[in-house]
Amino acid sequence: MEARLYRAWLERRLFHADPDDPREPYSLVIPPPNVTGSLHLGHALNNTLQDALARHHRLRGLNVCWLPGTDHAGIATQVVVERELASQGKTRHDLGREAFVDQVWEWKARSGARIIEQLQALGASCDWERERFTMDPGLSRAVREVFVRLYGEGLIYRDNFLVNWCPRCITVLSDLESPHRPVAGRLYRIRYPLSDGSGAIEVETTRPETLLGDTAVAVHPDDERYRDLVGKTARLPLLGREIPIVADDFVDREYGSGAVKVTPGHDPNDFACGQRLGLEVISILHPDGRLNENAGPYAELPVAEARERVLADLERDGLLLGSTEHAHEVPHCDRCDTVVEPLVSEQWFMKMESLARPALDAVRDGRTVFHPRNWEKTYFHWLENIQPWVISRQLWWGHRIPAWRCEACQHWTVALEDPTACEACGSDSLAQAEDVLDTWFSSALWPFSTFGWPEATRELEVFYPTRVLSTGHDIIFFWVARMMMLGLHFMEDVPFRDVYIHPLIRDAEGKKMSKSRGNVIDPLEIMSNHGTDALRYTLVSLAAQGRDIKLGESQLDGGRAFVTKLWNAARFALMNLEDFEPGATGGERSLYDRWIRWRLDVALREFDTALEAYRFNDAASVLYRFVWGELCDWYIELAKLALQGEDADARRTTQATLVTVLRGALTALHPIMPFVTDEIAASLPDADGSFLLEHTYPEPEVPLEAAAAEEMEALVTVIGRIRQIRGELGLPPRSPVRVLFPTAARDRIEPHEAALRALTRCAPPVFSDAAPSETASVFDAVGGTVRVEVDDPNLLADEVRRLEKDLGKREKDLAQASRKLDNPKFVERAKPEVVEAEREKFERLRGECAAVSERLERLRRAAGSAA
RNA sequence: UGGCACGUAGCUCAGUGGGAGAGCACCACCUUGACACGGUGGGGGUCGGCGGUUCAAUCCCGCCCGUGCCAACCA
């Protein structure tokens, strides 16, 4: 039924948002999935949560706009398509740029379409008429506009700087794209002879091949051991270049020998040191990771091979003094896992400090709030220590940088429209930059580029800022922070009021699932095994704040059972509604009718409260408890009396309540399980061909008055106790037990006699104030002592054991209460209502203990005489 | 090295400054005209450890242990 329903929703345009709709707007933009492949469970979770929010707010009468789309995912997609080519033994260079990009567009068409299908299969209520792709003409125009404006403001600039370089992808990477991974390496100690022959200085390194690019040896300025050497030169092993011995306080005197080789061309620390001291920068690497001509005899060797050769040659020359095992953290390419080489390269950068400040302020002063709040610390820490962002990439798939270099004067012309002449010298020999932009550049504009920026559209006016962004904590830096910065800069307002950070879904072993890494689970498979609604319910019920989700397939059984339970409850209702006449009224509604209607209101209110706080798991459990624990366990059982009874009025009244409450429950559940709820709702006798989303939640009634609520509570207590007594005695559910009430309870019990008998299978209740028989179980309810009598003397021993245990528990509680009340400090300092409650508890327990022990005595005597 | 989480029933996890909860699993009974993907009842936890604050701590604070994540220029 899922595909049929979804098609019907689309035909009815239920998800389309009109900016001129006068109702209060509620907007959100989808985190655009990468067009690398298909959706995994993390997408299923995030989009289920967003869909629940979107549908919920539609049901609350808001003008909801959920904007969908996909991301071109520059490097990720390029790597995937390159892999595909590699399986045919080809590289992108075999195709050339244009043909390769065409091929990626083909991939995008296939993958993008599959993703949209999956989102729709999940039930996502996106406004598909607003679907966007980050490389659409409109969004590309926004990218260009932003680049040109930031360049004009001096925030985008070119620089020659030490960057992370992936020699396999042959591109620069940002720090975020170069995560550190532990590597078991070796630390080598190498001897650098002094040029004057007066000795040598020893250094340590994990990357011996980099010595080919060394331009100094550094020591700490206050290090007595080396004071005399500063200013002298050392002879670089293998190449024989003379390099200065310099002093810089970045050197740690305690580490190794206290002297460090300086390779400004291939180490971030050394680069900074080189800049301070004006050292020469030598690059020894080709872009593809082989050594270049500066490496002398090692030129053209790959790094790993060069390392071996360098070590062997050092050994030969007697300059390798030894090595030790050394575990350290090495940056790797986020996409292909190749070891990243730091090297100096001329790239486009974005200056971040001035953009970061407003983004920090906006969260500090609460214009944007994270849920849960603790992620704000992560956000602050990163923005407070922000570094320039390398935005250029040596890739082919992405937004080409709108900059043209003049071949005559080398000036860069950056412009909105393709220039025909150099803006500096007027020459017409211009060449556009080959590089594309980091994919996150366009992602950063998503909340406003998708609504038509830089045009001043009606959509931007109404739907920006969006209400909430739902995403994973793994992209707070990559994406959330950058949207905040650019949103504030260009729109002069935050891009979203709330940031909901959803849990990460891990597999059953707790391992992370990730996009282009292979351990992803296809949600479609789970959806076909368990049903989409079951998957959605399970995901929502697991989305608690502050902990990631370990998801095994077994956890989906609960969701499926709940869907089935709902379905069966509806089946029961339909069986009993065959002669339902809409609008027909019978007599007054029963207590049961009024009670369940009130419980529905309470559940709806609690559901709304939970969702407003993004407490999805609470929202799910509120409805679970209502549907299963109240509607099915109590109301339906009680309603059977009227529905299957003789009284036509009572039957009609109960039918009316059943329809109202069931429809209310379906509406409430709709944001979580949209398919089954609409399917059931369409079959209810009051159905008019509309969908649940075309209505709003039922208005709450006047709350059930306290006396009625208490009456219902008493009935539940009595039934529960009778079941418990029978259960504890191990009696079959139908075994005859006699229930005796005090005569004073007659007025309260008699109206519920049928319910009592139906739900406990007891004999007709008797009203009597006679003393309980020796074997009766007793408890207090309905304003007196209720007795449950069982005639089987064989049960005496069991009952004695049960009572002993029961007494033990009560006496322990009594002792605890008594200790508290004897403590003058407690009585004096605790809140009065707490003390009062403790007193009442004490009195109650004392009475209960006395009653139980008295009865226990009687039973023991009876058991003795029976024996 | 620093930061942030997490450590509660066999498992997966909620939760709270005043008598420990859910789902699944387990045990007993029940094939009752919605539902065995069900019903009723039950067993099971010194709430990671040690201190501190408090009349009162599973909850707040500190330290420690364990797990995970993130950020990091110790060659």
Side-chain angles (χ1 to χ4, degrees), chain A residues 175-176 179-180 187 203-207 210 218 250-252 254-257 259-263 267-273 326 328-329 342 372 374-375 377-378 381-382 385 473-474 476-477 504 506 508 510 512 530 534 538 541-542 544-552 554-555 557-576 615 617-618 621 624-625 632-633 636-637 640 644 720 723-735 758-761 809 812-813 816-817 820 823-831 833-835 837-838 841 845:
Chain A
D175 293 343
L176 290 177
H180 289 68
L187 185 60
V203 300
E204 290 190 321
T205 181
T206 53
R207 296 185 296 153
T210 61
F250 90 97
V251 178
D252 179 354
E254 310 299 318
Y255 193 91
S257 65
V260 54
K261 62 193 271 309
V262 183
T263 322
D267 183 278
N269 254 330
D270 297 359
F271 181 75
C273 172
H326 185 76
H328 58 155
E329 300 270 327
N374 60 293
W375 291 109
K377 283 188 193 172
T378 307
H381 181 259
W382 190 71
N385 297 286
H473 61 74
D474 51 337
I476 289 176
F477 306 147
L504 247 40
R506 301 173 179 281
K512 187 171 163 179
H530 295 81
T538 301
S541 71
L542 293 175
Q545 295 191 350
R547 192 197 291 248
D548 288 344
I549 299 174
K550 259 197 266 184
L551 192 76
S554 63
Q555 260 142 319
D557 293 341
R560 183 175 51 182
F562 186 40
V563 174
T564 307
K565 185 74 177 178
L566 182 68
W567 182 262
N568 283 320
R571 240 179 49 180
F572 165 82
L574 293 175
M575 284 172 61
N576 287 281
R615 304 180 61 86
N617 59 323
D618 286 349
S621 77
Y624 185 96
R625 286 201 309 267
C632 291
D633 288 351
I636 286 185
E637 293 306 320
K640 284 174 182 172
Q644 293 156 9
R723 285 168 168 175
Q724 190 183 16
I725 288 163
R726 188 147 43 187
E728 284 180 336
L729 292 175
L731 299 173
R734 278 179 182 286
S735 64
L759 271 64
T760 65
R761 305 283 171 189
K809 210 185 287 178
K812 205 176 122 197
D813 289 347
Q816 194 184 352
K820 275 193 185 177
N823 179 350
K825 285 181 177 169
F826 170 73
V827 179
E828 193 180 312
R829 299 194 198 177
K831 280 175 291 191
E833 61 268 29
V834 171
V835 177
E838 201 64 28
K841 184 168 113 187
L845 283 168

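Reminder, nothing fancy here: chain letters follow the sequence lines and each chain counts from 1. Given the structure is predicted, the values throughout are model-derived calculations rather than measurements.
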Any protein N or O atoms within reach of nucleotides 18-27 of chain B? Criterion: under 3.5 Å, listing atom names and distances.
| unit_1 | atom_1 | unit_2 | atom_2 | d |
| --- | --- | --- | --- | --- |
| B:G19 | N1 | A:Arg844 | NH2 | 2.9 |

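- In A:His381, the NE2 atom is not crowded: 12 or fewer heavy atoms of neighbouring residues, nucleotides or ligands sit closer than 6.0 Å.
- Checking the phosphate oxygens (OP1, OP2) of B:A5, no side-chain nitrogen or oxygen of A:His473 falls inside 4.0 Å.
- Between A:Ile636 atom CD1 and B:U32 atom P the separation is 18 Å, expressed in whole Å.
- Across all strands shown, the partner of B:G62 is B:C50, judged by Watson-Crick or G-U wobble contacts whose two distances both fall under 3.5 Å.
- Phosphate proximity of B:A14 to A:Arg547: present, with a side-chain N or O under 4.0 Å from OP1 or OP2.
- Phosphate contact (OP1/OP2 of B:G39, side-chain N/O of A:Arg723, threshold under 4.0 Å): absent.
- Look at the C1' atom in both B:G15 and B:G51: the space between them is 25 Å, to the nearest Å.
- Comparing B:G68, B:C73, B:A34 by their nearest atom to the side chain of A:Arg571 picks out B:A34.
- Rounded to an integer number of Å, the gap from A:Glu329 CD to B:A75 C1' is 15 Å.
- A salt bridge is defined here as a Lys NZ or Arg NE, NH1 or NH2 lying under 4.0 Å from an Asp or Glu carboxylate O, and A:Lys841 with A:Glu838 meets this definition.
- Considering NZ of A:Lys565 and OH of A:Tyr624, their distance stands at 9.0 Å, rounded to 0.5 Å.
- Of the candidate nucleotides B:A34, B:A14, B:C74, B:A34 has the atom lying nearest to any side-chain atom of A:Phe572.
- Remark: A:Glu254 CD is loosely packed, at most 12 non-hydrogen atoms of other residues, nucleotides or ligands lying under 6.0 Å away.
- Salt-bridge annotation for A:Asp267 and A:Arg207: present, with a side-chain N of the basic residue lying under 4.0 Å from a carboxylate O of the acidic one.
- Protein atom CD of A:Gln555 is 9 Å distant from nucleotide atom P of B:U12, rounded to whole Å.
- In this entry the distance linking CG of A:Asn823 with P of B:U54 reads 14 Å, nearest Å.
- Here the NE2-CD1 distance, from A:His473 to A:Ile476, works out to 7.5 Å after rounding to the nearest 0.5 Å.
- As the counterpart of B:A72, no nucleotide is assigned, since no Watson-Crick or G-U wobble pattern has both distances under 3.5 Å.
- Checking the phosphate oxygens (OP1, OP2) of B:G42, a side-chain nitrogen or oxygen of A:Gln724 falls inside 4.0 Å.
- Between A:Leu759 atom CG and B:U40 atom C1' the separation is 11 Å, expressed in whole Å.
- A:Phe477 comes within 4.0 angstrom of the backbone, heavy atoms only, and of no base.
- In this entry B:U12 has B:A22 as its Watson-Crick or G-U wobble partner, both defining distances falling under 3.5 Å.
- Comparing atom distances between the A:Tyr255 side chain and each of B:A75, B:A71, B:A34 picks out B:A75 as nearest.
- A:Thr564 contributes atom OG1, which lies 10.0 Å from atom CG of A:Asp557 (distance to the nearest 0.5 angstrom).
- One finds the CG atom of A:Leu542 at 5.5 Å from the CD atom of A:Gln555 (value rounded to the nearest 0.5 Å).
- B:C60 and B:G17 have their C1' atoms separated by 8 Å, with the value rounded to a whole Å.
- Between the side chain of A:Lys565 and the base of B:C37, no donor-acceptor pair of N or O atoms lies under 3.5 Å.
- Distances from the side chain of A:Cys632 to the nucleotides B:A34, B:A71, B:C37 place B:A34 closest.
- Considering CD of A:Gln545 and CH2 of A:Trp375, their distance stands at 11.5 Å, rounded to 0.5 Å.
- Computed from coordinates, the A:His326 NE2 to B:A75 C1' distance equals 8 Å when rounded to whole Å.
- The distance between atom CG of A:Leu542 and atom P of B:U12, rounded to the nearest whole Å, is 13 Å.
- The nucleotide B:G45 finds no pairing partner, because no Watson-Crick or G-U wobble arrangement with both distances shorter than 3.5 Å includes it.
- Nearest nucleotide to the A:Phe250 side chain, out of B:A75, B:A34, B:C13: B:A75.
- Out of B:C70, B:A34, B:A14, the shortest distance to the side chain of A:Asn617 is found at B:A14.
- In this structure, of B:G39, B:C4, B:A34, it is B:G39 that holds the atom nearest to the side chain of A:Asp633.
- Residue contacts shown for A:His180 are absent, as no nucleic acid heavy atom lies under 4.0 Å away.
- The nucleotide B:G33 finds no pairing partner, because no Watson-Crick or G-U wobble arrangement with both distances shorter than 3.5 Å includes it.
- Per the geometry, CG belonging to A:Leu566 stands 13 Å off C1' belonging to B:C37, to the nearest Å.
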